[in-house]
Undergrad: 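Handing you this structure, nothing more for now.
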Amino acid sequence: MNLLKREEEVDAVVTWDDQKKINAFGKLTGKHGELKDDLANKQKEFAAMEDASDDLLAIIDDDELVNVKVGEVFVAMTQDEATERLDQLRDALTDEMESLKTTISSMEGEMKELKSQLYAKFGRSINLEVS
């Protein structure tokens, strides 16, 4: 832990508004991390769907039934039905990922604004870097 030199310290009083900004930044940081994790999981899920789509294309016999997991059970579907179902799931997942990216970007803007306000007042006396 690095301690500030005496001349680097800022002698500023923390007001109620400052405390609300610090708390808001902390909440945003936590939520931001959760959403980034959710996005990473959805991207992995999307990659798995791409692999499943490639596997469906590799099936030579169009009349062959394939097992598709729907919830907790597997359902036998034709290749066309499975491809259509997979396309629907991929489209829905793409929409979810875009929504998450938009929310994350918005949060990053809010965090940047709060960070600049707090650093302007407290200088290096406050640490708002995410580790």
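All of these numbers come straight from a predicted model, not from anything done at the bench.
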Undergrad: Side chains of L89 and L93, heavy atoms from C-beta outward: is any pair under 4.5 Å?
TA: no

Undergrad: What distance separates N41 CG from E45 CD, expressed to the nearest 0.5 Å?
TA: 8.5 Å

Undergrad: How long is the straight-line distance from OG1 of T15 back to NZ of K21, given to the nearest 0.5 Å?
TA: 7.5 Å

Undergrad: Would you say S116's side chain and E113's backbone share a donor-acceptor pair under 3.5 angstrom?
TA: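 Present.
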
Undergrad: Check the pair D18 / V13 against side chain to side chain contact (heavy atoms under 4.5 Å, CB included), numbers first and verdict last.
TA: CA-CA 9 Å; D18 296 332; V13 176; over 6 Å; no

Undergrad: Is it possible for you to say whether F74 and L86 belong to one hydrophobic cluster, with membership spreading through side-chain heavy-atom contacts below 4.5 Å?
TA: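 Result: no, two separate clusters.
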
Undergrad: Starting from the C-alpha separation in whole Å, work towards a yes-or-no answer on side chain to side chain contact (heavy atoms under 4.5 Å, CB included) for Q88 and D91.
TA: CA-CA 5 Å; Q88 291 171 349; D91 290 344; 5.8 Å; no

Undergrad: Heavy-atom distance under 4.5 Å between the side chains of I104 and L39, does that happen here?
TA: yes

Undergrad: In terms of hydrophobic clusters joined by side-chain contacts under 4.5 Å, are L56 and L65 together?
TA: no

Undergrad: Keeping E81 on the side-chain end and T78 on the backbone end, is there a donor-acceptor pair under 3.5 Å?
TA: yes

Undergrad: Check whether any side-chain heavy atom of L35 sits under 4.5 Å from a side-chain heavy atom of K31, and report yes or no.
TA: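 A side-chain contact exists here, since the closest heavy-atom pair is under 4.5 Å.
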
Undergrad: What's the separation between atom CE in M107 and atom OG1 in T102, rounded to the nearest 0.5 Å?
TA: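 Rounded to the nearest 0.5 Å, the CE-OG1 separation comes to 12.5 Å.
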
Undergrad: From E50 CD over to D55 CG, what is the distance, rounded to the nearest 0.5 angstrom?
TA: 11.5 Å

Undergrad: For residues F25 and L128, determine if any side-chain heavy atom of one lies less than 4.5 Å from a side-chain heavy atom of the other.
TA: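 Yes, close enough: below the 4.5 Å cut-off.
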
Undergrad: Indicate yes or no: at least one non-hydrogen side-chain atom of E108 is less than 4.5 angstrom from one of L28.
TA: no

Undergrad: Tell me, with the steps shown, if T83 and Q79 meet side chain to side chain contact (heavy atoms under 4.5 Å, CB included).
TA: CA-CA 6 Å; T83 301; Q79 183 180 359; 4.1 Å; yes

Undergrad: I59 and M49: same hydrophobic cluster, using ILVMFWY side-chain contacts below 4.5 Å?
TA: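 Yes, same cluster.
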
Undergrad: Quick check: do M77 and V70 have side-chain heavy atoms less than 4.5 Å from each other?
TA: yes

Undergrad: Report yes if some heavy atom in the side chain of M111 is under 4.5 Å from a heavy atom in the side chain of H32; otherwise report no.
TA: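 Heavy-atom side-chain distance check passes, below 4.5 Å.
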
Undergrad: If you define the side chain from C-beta out and look only at heavy atoms, does anything of E129 sit under 4.5 Å from K115?
TA: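 Yes, side chains in contact.
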
Undergrad: For D54 and D51, indicate whether the former's side chain and the latter's backbone hold a donor-acceptor pair under 3.5 Å.
TA: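 Not a single qualifying donor-acceptor pair exists.
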
Undergrad: Can we say E98 and K101 salt-bridge, meaning some charged N sits less than 4.0 Å from an Asp/Glu carboxylate O?
TA: yes

Undergrad: Distance from L100 atom CG to D95 atom CG, nearest 0.5 Å?
TA: 11.5 Å

Undergrad: Is T103 reaching over with its side chain to a backbone N or O of S99, donor-acceptor style, under 3.5 angstrom?
TA: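 Pair found, side chain donor or acceptor close to backbone of S99.
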
Undergrad: Roughly how far, to the nearest 0.5 Å, is the OH atom of Y119 from the CG atom of L114?
TA: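 So the gap between those two atoms works out to 12.0 Å.
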
Undergrad: Apply the test side chain to side chain contact (heavy atoms under 4.5 Å, CB included) to residues K20 and D17: give CA-CA distance (whole Å), side-chain angles for both, the deciding distance (0.1 Å), then the verdict.
TA: CA-CA 5 Å; K20 287 195 292 189; D17 285 338; 3.4 Å; yes

Undergrad: Check whether any side-chain N or O of Q19 sits under 3.5 Å from a backbone N or O of V14 as a donor-acceptor pair, and report yes or no.
TA: no

